[in-house]
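Note that the structure is a prediction, hence the values are computed from the model and not measured. Quick note: numbers below take in every heavy atom, side chains included, and nothing from hydrogens, waters or symmetry partners. Lettering follows sequence order; numbering is per chain, from 1.
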2 protein chains.
Amino acid sequence: MTKARVTVIDIAKAAGVSKSTVSLVLQGSSLVNEATRAKVNAVMRELGYVYNRGAANLRQAGAKSRIIGVVVNDLTNSFFAELAVGVDMVVQSAGFVQFLSNTGESIDRQREVVASMREHGISGLIVSPARATDAADFKPLVAAGIPVVVVVRNLPGAKVSSIVSDNRAGMMSAVKHLAALGHKRIAFLGGFPDTAVFDDRLAGYRSGMEAAGLDYHEELVIAAAPSRAGGVEAIGKAIALGRRPTAAVCFNDAVAFGVCDGLRARRLEPGADFAVVGFDDVIEAQAAVPALTTVSVDPQGIGRRGAQMLLKQINAGKAEAETVTTAVRLVVRESCGAGKAAPVRTGKSVKSKQDAE
Amino acid sequence: MTKARVTVIDIAKAAGVSKSTVSLVLQGSSLVNEATRAKVNAVMRELGYVYNRGAANLRQAGAKSRIIGVVVNDLTNSFFAELAVGVDMVVQSAGFVQFLSNTGESIDRQREVVASMREHGISGLIVSPARATDAADFKPLVAAGIPVVVVVRNLPGAKVSSIVSDNRAGMMSAVKHLAALGHKRIAFLGGFPDTAVFDDRLAGYRSGMEAAGLDYHEELVIAAAPSRAGGVEAIGKAIALGRRPTAAVCFNDAVAFGVCDGLRARRLEPGADFAVVGFDDVIEAQAAVPALTTVSVDPQGIGRRGAQMLLKQINAGKAEAETVTTAVRLVVRESCGAGKAAPVRTGKSVKSKQDAE
DNA sequence: GTAATTATTTGGAACGTTCCAATTCTGTCA
DNA sequence: TGACAGAATTGGAACGTTCCAAATAATTAC
C-alpha cells in the first residue's frame, strides 16, 4: 500500500532523460543544459523525490556521508548542551548533520556509540571523552581515515586534535583576583585528582598563589566529586581546618554552588563572609544569588571551534593533529565579595536564556 | 595508503565460506553452524571488519536504518536537553541511534533538518515543533510511512502521535495551592498567546480560580515573552495595576525567575512579600534562592515515553496516532511563601546535577 | 544401502546512487 | 559538404549488503 520509493530512474523516465543526467542535476554539475536541469527539477518536485544519501554514500565510498558524530558525557549539564549547540551551528551550515550521543560518563556506552557511529559512516567525530578513556580507543578511527577532535578533556597519548580551555591560566587569574582582594588563605575545592583537567587547574592554582607571593599548603587542596554535593563536602572539611581559609577557588561551578550551600548551612554568607569563585560560567552562574564570580570558558565557542577544526580536516583529507587551547576570562560578579563593582573584563555579553515551550 | 575497506567478501574469503554465510552470521541467524559462526566472528575481529549499515540499509529498503531523528527548539534550555537525554536512553538501548538537531525556533531550519534527516533514511522522528509550525509540515513523512511523534507542543491539525504534559491540571493545582495559602488576587504572567501551550495553561488558571471561588479578571493575565526578560516585564505591569495581585503563576520557570528579579528590583522579596509559582521544574528551580515552587513536568520522562511510543510504531509497521497527556505534579518549595514546610507531594527525588569536565 | 529429511551453505540478483568511457548532438570552419 | 571541436547526454559497471531459490552435506529412517 505504501507506494514504492521514487528513485532517480523514475525521475529520468518521467523527464525523458537518462538516470545519469538526473544524477548530474543532483550534483549541480555545470555540464547539464539549463533547460534540462529545470525540467528535471520540476519533475523531482512533482513526484516528491527524496534523495537517498545512503545509496550515494555507498558508491562514492569515501568520507562523504556528511554525518558528523558528537559524543558528550552529560547532555543535561548545560556546559555540554551548549557545546553541542555550538557544534551544530557550524556543522549544519556546512551542510552536514549531527549525530549526537550521550555517554553519561560510561566508557562502555562510549564504545558502543562510537562503534555505532562508525557503522553509519560518520565522516568525523567530536568527542568529550568519558573519564578514564583509553587514549588508544580512537586509534581505529584515525587509522580508517576518520578525523577525530577531542574537546574539553584532552587525551594525552592519542594522536588526535584536541581543543581544551586554558584551565591553568583561568585558575591562576581567579587566585590572583582573590589575592588582590586581600585574601591570604585560599583553598582549592573539589574535583577528582585523577583527571588531566584537575591537574591543570591545580597547577594554575599553585602558580597563582606563587605569583601572589602566598604559600602553598597541601591541606588547602581538598578533592571531592565535581558536583554540588562534592562542594558541600569540601567546604565542610575546609571549615574544620585549624586555620580556616577565607576564600576558595572551586573546580567548577557546580562545586561552587555546593560550597555556597555549605556556607549558608553554617550561617556564613557567600561573598560577604567567605569568597568563592567557580569555573565554567554555566548559565545558572549569573542568575544565582549571589551571582557567581567564575571563569568563563564559552562552551559554545569551543563547540564551534572544534567543529571548524574537524571540517577543515575532513576537507583536507588528511590533517595534522593540532592542539588548541582556548582563552578563558574571569567574570567578576558577587560571590567573591568584590561587591557590586561593575564586572571587569566582561567582554561579550552572555546570551540570556529563553525557556519557551 | 589508507587500505581499502574490509568487506564481507574479504571476510568470506579469509574464513573460507561464502559471503552469504557471513551475512547470516552478521544477522545472528540460527541457520548457521556454531563452528562456522565462531570462525567467521574470529576472522571479522582479526581483520577489523566494520559493518556498513548504509549498504545493508540500501538492500532492505525499509524503515530499517535504525536511526531516529530528534528535533528540538532549544537545546541550551535544560528542559529540552533533558528531554533529549530521555529519548537517547530508550533509543540507544533498543539499538538505535539518535540524530539530534536544534532548530533554535526557526521554522526554516526545522524544514532543513527534517529534510536532511529524511535523506538519511531515519526510521522515525521525534519533534518538538518550532513555533508556528504548519500542521501539514509532517504530512510527507507519515505518507512515506515514517512515524512521527510530536512532543511538548501539540500540533492540532496533524495526524501524528503526540505527547504533551497536562498543562491544564498543572496550572490548576498551582492556582489552588496559592488560593489555599490565602491569596485572592492571583496573576497569570508570561507566555505568547498564540500557542497551544499558552491556551492550555491559561485554561488551567481559569479553572483553578473558579474552583477556588475566585473571580477571573482579564487584567491579571499578562502575556510576555516566555523568558526571564518577559517575566521582568510582566511583573512590572502587574505591580502597576490599581489593585495589585499578591501572587502569580507563571507561564514557565524562566518567566518566574524574571518575576523574582523584578520583585527584588522593587524591594519586594519573592516568597515573603509576593508568592510566585513557575512551571517546568528546570534544574535551576531547586537551586535558586528562594527555591522555586513549580509544576514539575519531568522532561526526561516525556523523552522516554515519546521514544517508546515511536519505537512501538516503528515495530508495528503502522500504528494509530495516539495522544498522551503526562501527569505533572506541583513541587512546593519556597517562592510561594509556604515557608520551609517540608515539600508536599514531592514524589521521586530529582537527580542532583553533576558538572564534571 | 538408498531414500527421505533436515541442517547448512551458496551463487547470483537486487537496492539507488555515482563514475567512467563512450556516444550523440550542436554548430563552425575550411 | 565533410571534418572537427565542444557541449550535452548516456549506458553500463561498480559500491557492500541482503534476499531468494537452489544446491550440497549431514542425518535419519526404512
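Side-chain contact between Thr36(B) and Val17(B) is present, with heavy atoms from C-beta onward closer than 4.5 Å. Between Arg153(B) and Thr133(B) the shortest side-chain heavy-atom distance does not fall below 4.5 Å. Within the 4.5 Å cutoff, the side chain of Gln98(B) has heavy atoms near those of the Leu100(B) side chain. Arg118(B) is listed as a side-chain neighbour of Pro140(B), based on a closest heavy-atom distance under 4.5 Å.
Nucleotide dT17(D) holds its C1' atom 9 Å from the CG atom of Leu26(B), rounded to whole Å. Atom pair Asn57(B):CG and dA14(C):C1' shows a separation of 15 Å (rounding to whole Å applied). Atom P of nucleotide dA7(D) and atom CG of Leu24(A) are separated by 14 Å, given to the nearest angstrom.
Checked against dT10(D), dG16(C), dT17(C), the side chain of Leu58(A) finds its nearest nucleotide in dG16(C).
Contacts with DNA chain D (heavy atom under 4.0 Å) in residues 29-45 of chain A: Leu31(A), Val32(A), Asn33(A), Thr36(A), listed by number.
In this structure a side-chain-to-backbone donor-acceptor pair under 3.5 Å is missing from Ser162(B) to Thr323(B). With Arg53(A) contributing its side chain and Ser116(B) its backbone, the two residues share no donor-acceptor pair below 3.5 Å.
OP1 or OP2 of dT10(C) sits under 4.0 Å from a side-chain N or O of Ser18(B).
Looking only at atom types and distance, the side chain of Ser18(A) has a donor-acceptor partner in the side chain of Thr21(A) under 3.5 Å away.
For the helix from dG1(C)-dC30(D) to dA30(C)-dT1(D), the rotation axes defined at the first and last 5 base pairs enclose an angle of 60°, given to the nearest 10°.
Ser23(B) pairs by the side chain to side chain donor-acceptor pair (under 3.5 Å) definition with Gln27(B), not counting sequence neighbours. Among residues two or more places apart in sequence or in another chain, the salt bridge (charged side-chain N to carboxylate O under 4.0 Å, His left out) test is passed with Arg305(B) by none.
Sequence neighbours left out, the pairs with a member in residues 118-149 of chain A that pass ring pair (Phe, Tyr, Trp, His ring centres under 6.0 Å) are Phe99(A)-His120(A).
Ion pair Glu322(B)/Lys312(B) flagged as a salt bridge, since at least one NZ, NE, NH1 or NH2 atom sits closer than 4.0 Å to an Asp/Glu carboxylate oxygen.
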Between protein and nucleotides 19-26 of chain D, what N or O pairs are separated by less than 3.5 Å?
{"from": "dC19(D)", "atom 1": "OP2", "to": "Gln27(B)", "atom 2": "NE2", "distance (Å)": "3.1"}

